Amino acid sequence: MSAPPEGDAPTNRHGGSPASQTIATAPSIAVQYAEDLAAVLAEIHHIRADVHELASGNAIVSVHYGLLAYTDGERFWWTGPELNHAGSPLLSSELTLLAAARQLAEHHAILRAKDAADLLRGGLPLLADVILAEHVDPR
């Protein structure tokens with residue numbers, strides 16, 4: 001059996017007809033940026049984070065229960081665990097990976113020091129709620 005012409009390699013390991021082959025797509029810019037943040041969090045701050053792509057094209061980095069960083073591939077934003085003077089959660093944002101990772105590591109430390117029951121009552125965003133809102137058609 002001869003090898004396929006260069007650039008025409010099958011996209012699934014089992015070959016098969018072209019109709020049965022899966023087309024591999026490159027991760028979106030937002031997912032790549034989120035994966036970069038997760039890597040910086042792991043390498044520099046020793047924090048494991050998960051990356052999830054949203055139907056909107058944005059991505060989420062789940063850093064800790066209630067600490068979700070969103071990205072559109074250009075910047076990061078998240079709700080921090082501290083409250084402002086009016087008692088509302090603070091929205092934080094950063095343009096660079098290192099600055100976002102540093103602030104998220106600080107927020108991660110704050111959340112780790114809290115009691116689990118306080119986290120549950122705190123009203124912080126939950127990954128399941130965000131994914132459900134992004135992927136469920138309200139019709």
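The structure displayed is predicted, hence computed values, not measured ones. The residues of the chain are indexed from 1 along the displayed sequence.
- Between the side chain of D36 and the backbone N or O of A39 there is no donor-acceptor pair closer than 3.5 Å.
- Both I60 and L91 belong to a single network of hydrophobic side chains, linked directly or stepwise wherever heavy atoms of I, L, V, M, F, W or Y lie under 4.5 Å apart.
- I47 is connected to W78 through a chain of hydrophobic side-chain contacts under 4.5 Å among Ile, Leu, Val, Met, Phe, Trp and Tyr, so both are in one cluster.
- Put simply, the side chain of S92 reaches to within 4.5 Å of the side chain of H107, judged on heavy atoms.
- For the atom pair E106 CD and H45 NE2, the distance stands at 8.5 Å (nearest 0.5 Å).
- To the nearest 0.5 Å, atoms CD (E53) and CD (Q32) are separated by 10.5 Å.
- Interatomic distance, CH2 of W77 versus CD of E94, reported as 13.5 Å (0.5 Å rounding).
- Using a 4.5 Å heavy-atom threshold, the side chains of L104 and F76 count as separate.
- Once rounded to the nearest 0.5 Å, the distance linking OG of S56 with CG of D72 reads 9.5 Å.
- With contacts defined as side-chain heavy-atom distances shorter than 4.5 Å, the pair V63/L68 does not qualify.
- For the residue pair A49 and A38, the shortest heavy atom distance occurs at O-CB, 4.1 Å.
- Side-chain atoms of L90 and T79, non-hydrogen and from C-beta on, never get closer than 4.5 Å to each other.
- Between A59 and A34, the closest heavy-atom pair is CB-CB, 3.8 Å.
- Separating the CG atom in L97 from the OG1 atom in T71 is a distance of 8.5 Å, to the nearest 0.5 Å.
- Taking each heavy atom of L41 and A101 in turn, the nearest pair found is CD2-O, 3.6 Å.
- Y65 is not listed as a side-chain neighbour of L111, based on a closest heavy-atom distance of 4.5 Å or more.
- In this structure, N58 and Y70 have side chains that are not in contact, with every pair of non-hydrogen atoms separated by 4.5 Å or more.
- A distance of 7.5 Å separates OG1 in T96 from CZ in R102, rounded to the nearest 0.5 Å.
- Shown here for H108 and L67, the closest heavy-atom pair between the two residues is N-CD2, 3.7 Å.
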